[in-house]
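A note on names: the letters A, B, ... follow the listed sequences, proteins ahead of strands, and every chain is numbered from 1.
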There are 2 protein chains.
Amino acid sequence: MEVKLPTFNSVFSIDCVIFGFEAGELKILLIERNEEPFKDWLALPGYIVEQDESIDDAAERILYELTGLRDLHMQQFHTFGEVNRHPQGRVITVAYYALIRINGQKEVKPVTQYAKSAFWHPVNELPKLAFDHTEIFETGFNKIRRRLNYQPIAFELLPEKFTLTQLQSLYEAVLNKKLDKRNFRKKMLSYGFLKELDEKQKGVSYRAAKLYKFDRRKYTKIFQNDLNLDK
Amino acid sequence: MEVKLPTFNSVFSIDCVIFGFEAGELKILLIERNEEPFKDWLALPGYIVEQDESIDDAAERILYELTGLRDLHMQQFHTFGEVNRHPQGRVITVAYYALIRINGQKEVKPVTQYAKSAFWHPVNELPKLAFDHTEIFETGFNKIRRRLNYQPIAFELLPEKFTLTQLQSLYEAVLNKKLDKRNFRKKMLSYGFLKELDEKQKGVSYRAAKLYKFDRRKYTKIFQNDLNLDK
DNA sequence: ATATAGTGTGTCAAATTTACACCATTAAAT
DNA sequence: ATTTAATGGTGTAAATTTGACACACTATAT
């Protein structure tokens with residue numbers, strides 16, 4: 001019995017939840033749509049996959065086109081396939097997240113005309129988003145909240161050199177709760193993957209804090225066993 | 001600007017990793033394919049999604065058609081979208097897992113002709129599988145291994161009434177390591193979601209063990225805060 | 001009766017987690 | 001020069017959790 005593949009049966013898209021951290025606040029990247037449906041609405045950056053690109057490649061391309069951001073480490077987290085999630089027909093979407101340092105990043109700006117603008121928006125008090133993007137965001141946020149505990153994702157959000165207070169306030173923003181300063185530091189430093197630098201914070205009008213770096217080599221050495229459990 | 005959706009751009013399928021537990025061994029459900037490509041190969045149960053069904057619905061339908069199993073609680077865990085994962089063209093697949101009690105289950109048997117047979121196979125010493133199904137299996141196995149620690153999935157694999165030794169041997173099979181009997185029991189019982197029954201094991205030629213039940217109501221009460229973090 | 005196979009139980013040491021408060025340092029303001 | 005405002009940086013003790021460890025009990029089969 002020989003069976004040939006059916007012709008294509010779905011439209012396939014990617015949506016991205018891009019987290020950034022700035023001024024002690026967790027933010028995500030939104031775009032203002034320039035197309036129907038949901039023209040002028042705010043939405044997650046997302047678009048349709050081409051036939052000859054893997055979904056991981058598509059995610060990178062689409063994010064670039066809508067925001068100008070490149071070379072992020074994006075990770076798939078869920079696929080949304082309700083029949084009616086797109087008003088014009090069957091569209092299945094794979095959602096990705098990435099975490100980036102906003103600091104010093106040149107301004108985000110769409111490269112194509114599908115979006116009018118792109119900008120950072122605090123994750124608290126998000127407006128209504130197009131399609132089922134609010135649900136996609138929630139799912140992604142829950143994912144990284146959980147992963148924060150077993151993946152070194154915090155360091156992707158911070159500048160290369162950071163203070164322990166910055167690190168803590170990031171944890172607090174993601175987990176949405178206060179942490180104890182002394183315990184937090186003790187714990188973080190005990191892992192042994194933070195490298196204390198000889199440098200201090202600059203430009204602050206109070207006692208400057210020591211700067212630290214994330215040492216990925218040490219991290220993977222320490223956690224090599226656990227690492228494979230993820231994907 | 002009005003843009004209409006492109007015509008369909010991909011073939012979209014579902015693959016299922018169905019775990020069962022029998023005789024102290026963790027198993028998954030495989031089928032023998034009856035179609036090219038990979039005719040006669042062993043594969044995960046999987047097939048193509050229809051246009052008018054959600055992916056969750058499709059997963060249930062496809063599993064039923066290939067194995068005769070119904071009403072499992074299936075959960076999506078990853079989407080595989082490499083361009084060349086299917087030799088005949090672009091096929092994106094969403095992988096689902098489910099866990100079921102093999103015990104007393106009537107024999108698995110394909111309902112359609114796409115599979116010649118369906119059967120349980122121990123997860124150790126799996127043969128080569130069709131397509132990228134070995135990778136899909138590995139990813140799924142890692143997923144449930146991790147979820148075992150924060151989701152009550154173990155109880156889906158056991159009969160309704162089970163002994164603590166059975167529960168422990170399931171944990172050992174999934175985590176692939178020996179656990180300490182006394183510590184395991186102490187811990188499990190301390191959670192408070194296991195209900196001790198007045199019944200004992202029957203038909204064993206040694207001291208019969210007490211039977212327990214998983215009390216889902218208590219479980220959700222205890223862990224209501226953590227629950228939302230998953231999806 | 002006895003051999004067999006698995007059930008069921010407690011303690012102590014070590015490690016981890018939690019709670020908790022004050023002095024030090026710097027720049028800016030006076 | 002002094003004060004103020006803001007944050008940096010540090011230790012200890014109690015409570016909790018984890019981990020290591022061994023033997024008597026019970027039901028059945030012979």
Of residues 180-200 of chain B, the positions that come close to DNA chain D - non-hydrogen atoms, cut-off under 4.0 Å: B:Asp180, B:Arg182, B:Asn183, B:Lys186, B:Lys187
Which residue lies more 5' along DNA chain C, comparing B:Leu164 with A:Ala208 via nearest heavy atoms: B:Leu164
Those residues that, when tested against [X], pass side chain to side chain donor-acceptor pair (under 3.5 Å) (two or more places apart):
X	answer
B:Lys116	B:Asp40
A:Ser169	none
B:Arg61	B:Glu53, B:Glu65

Exercise: do A:Tyr96 and A:Asp56 side chains pair donor with acceptor under 3.5 Å: yes
Positional range of nucleotides in DNA chain D within the contact set of chain B, heavy-atom, under 4.0 Å: D:dT18 to D:dA29
Partner set under ring-ring contact (aromatic ring centres under 6.0 Å, His included) for B:Phe162, not counting sequence neighbours: B:Phe155
Residue list, ring-ring contact (aromatic ring centres under 6.0 Å, His included) with A:Phe119, at least two apart or on another chain: none
Pull out every protein N or O sitting under 3.5 Å from an N or O of nucleotides 27-30 of chain C, one pair per line with the distance.
residue : atom : partner  : partner atom : Å
C:dA27  : O4'  : A:Ser205 : O            : 3.4

For A:Gln201, all residues meeting side-chain contact (heavy atoms from CB on, under 4.5 Å), sequence neighbours excluded: A:Thr163, A:Gln166, A:Val204, A:Tyr206, A:Ala208, A:Ala209
Salt bridge (charged side-chain N to carboxylate O under 4.0 Å, His left out) partners of residues 173-188 of chain A, not counting sequence neighbours, each pair once: A:Glu172-A:Lys178
Touch class at under 4.0 angstrom, heavy-atom based, for B:Thr165 against every strand present: sugar-phosphate
Whole-Å distance separating the CG atom of A:Leu179 from the P atom of C:dC20: 15 Å
With a 3.5 Å cut-off and sequence neighbours excluded, list the donor-acceptor pairs that the side chains of residues 17-32 of chain B form with protein atoms.
residue : atom : partner  : partner atom : Å
B:Glu22 : OE1  : B:Lys27  : NZ           : 2.9
B:Glu32 : OE1  : B:Ser117 : OG           : 3.2

Counterpart residues, salt bridge (Lys or Arg N to Asp or Glu O under 4.0 Å), relative to A:Asp132 (two or more places apart): A:Arg85
